[in-house]
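Structure record follows, encoded as C-alpha cells.
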Amino acid sequence: QVQLVESGGGLVQAGGSLRLSCAGSGRTFSSYAMGWFRQAPGKERESVAAVDWSGGNTYYADSVKGRFTISRVNAKNMVYLQMNSLKPEDTAVYYCAAATGLWTVVAGREIDYWGQGTQVTVSS
C-alpha cells in the first residue's frame, strides 16, 4: 500500500512561484512512476508532468514546458513540482499520483494511488 499527501498550494500573484510537495509512504514508493495532474473548474483533469521511478525520465504538458519542473528524492519518499512564472490559467486543484510506468501516468489511466489534492490559485 502507498499513501500520498500533497502540500504547498496557496495563493500567488501572476509571475510568482510555488513548490508543491507529495509525500509518500510505503516500502515500494521508489518503484512507482509519479505524476502531477490538475483540474480547474469546468474543465477535465489533465496531466501536467510525470517522472519515472529513477527520476531520469520526465514528461511535461506543452502548457507548462519551460515553467514547471518535476523531481523526486526516493530516499525521502518525496516528489516535487516547482512552478515558476505562474499564470492565472494555472489555477486548479493539483493532485499527485502513482502508477507502474511513466506513460501510464501521462495517460491518466490505471492509476494505482491518488493524493487528496492541493489548491493553487494564481491572481492577475
Side-chain angles (χ1 to χ4, degrees):
Q1 292 290 111
V2 173
Q3 294 179 312
L4 306 173
V5 179
E6 302 98 331
S7 63
L11 175 65
V12 65
Q13 292 185 355
S17 298
L18 285 173
R19 187 178 75 163
L20 304 184
S21 298
C22 178
S25 63
R27 295 183 180 91
T28 61
F29 174 84
S30 62
S31 69
Y32 288 93
M34 300 293 298
W36 286 97
F37 295 78
R38 67 186 182 188
Q39 187 166 24
K43 296 184 178 180
E44 296 293 316
R45 184 168 60 202
E46 63 174 336
S47 178
V48 175
V51 61
D52 73 352
W53 69 271
S54 71
N57 296 294
T58 57
Y59 161 85
Y60 297 97
D62 288 343
S63 60
V64 306
K65 284 181 180 177
R67 301 189 297 120
F68 291 10
T69 303
I70 189 170
S71 61
R72 68 190 299 165
V73 181
N74 285 338
K76 297 182 178 180
N77 283 3
M78 297 290 291
V79 62
Y80 305 98
L81 185 68
Q82 178 66 46
M83 305 186 295
N84 298 326
S85 301
L86 283 162
K87 304 174 181 179
E89 52 262 44
D90 295 318
T91 295
V93 177
Y94 284 71
Y95 302 87
C96 66
T100 56
L102 179 67
W103 296 110
T104 304
V105 171
V106 171
R109 302 188 183 99
E110 299 181 3
I111 301 296
D112 292 300
Y113 304 100
W114 288 98
Q116 85 289 350
T118 186
Q119 177 72 48
V120 172
T121 302
V122 184
S123 62
S124 60

Please say yes or no: joined through hydrophobic side-chain contacts below 4.5 Å, possibly via intermediate residues, are V12 and V48 part of one cluster?
yes
M83 and V120: which non-hydrogen atoms are nearest, and at how many Å?
CE-CG2, 3.9 Å
Test item: N74 side-chain N/O and W53 main-chain N/O as donor-acceptor pair under 3.5 Å
yes
Same apolar cluster (I L V M F W Y, side chains within < 4.5 Å links), V122/W36:
yes
Would M34 and V105 show up in the same hydrophobic cluster when neighbours are defined by side-chain heavy atoms closer than 4.5 Å?
no
Would you say CD of E46 has more than 12 non-hydrogen atoms from neighbouring residues, nucleotides or ligands within 6.0 angstrom?
yes
Minimum heavy-atom distance Y60-A49, with the two atoms named
CD2-CB, 3.7 Å
Identify the two heavy atoms, one from A98 and one from L4, that lie closest to each other, and give their separation to 0.1 Å.
N-CD1, 3.9 Å
Look at K65 together with D62 and state whether they make a salt bridge at an N to O cut-off of under 4.0 Å.
yes
Side-chain donor/acceptor of Q116 to backbone N/O of E6, under 3.5 Å
yes
Checking the side chain of Y80 only, and the main-chain atoms of V73 only, is there a donor and an acceptor separated by less than 3.5 Å?
no
When hydrophobic residues are tied together by side-chain contacts of less than 4.5 Å, even through go-betweens, does L20 share a cluster with V79?
yes
Got a second to check how far R72's CZ is from S30's OG, nearest 0.5 Å?
7.0 Å
NZ of K87 to OG of S124: how many Å apart, nearest 0.5 Å?
14.0 Å
Yes or no on side chain to side chain contact (heavy atoms under 4.5 Å, CB included) for V5 and Q3, after CA distance, side-chain angles and deciding distance?
CA-CA 7 Å; V5 179; Q3 294 179 312; 5.7 Å; no
Q119 side chain near L11 side chain, heavy-atom distance below 4.5 Å:
no
Among the clusters formed by ILVMFWY side chains lying less than 4.5 Å apart, do V64 and Y95 turn up in the same one?
no
Of the non-hydrogen atoms in G117 and V93, which two are nearest, and what is the gap between them?
CA-CG1, 4.0 Å
Nearest non-hydrogen partners of A50 and V106, listed with the distance
CB-CG2, 4.0 Å
Give the intermediate values and the outcome of side chain to side chain contact (heavy atoms under 4.5 Å, CB included) for residues S63 and R38.
CA-CA 12 Å; S63 60; R38 67 186 182 188; 3.5 Å; yes
Just by distance, do the side chain of T58 and the backbone of V51 share a donor-acceptor pair under 3.5 Å?
no
Distance-minimising heavy-atom pair for F29 and M78:
CE2-N, 3.7 Å
Side chain of D52, backbone of G55: donor and acceptor closer than 3.5 Å?
yes
Answer yes or no: is there a side-chain heavy-atom contact under 4.5 Å between L86 and L18?
yes
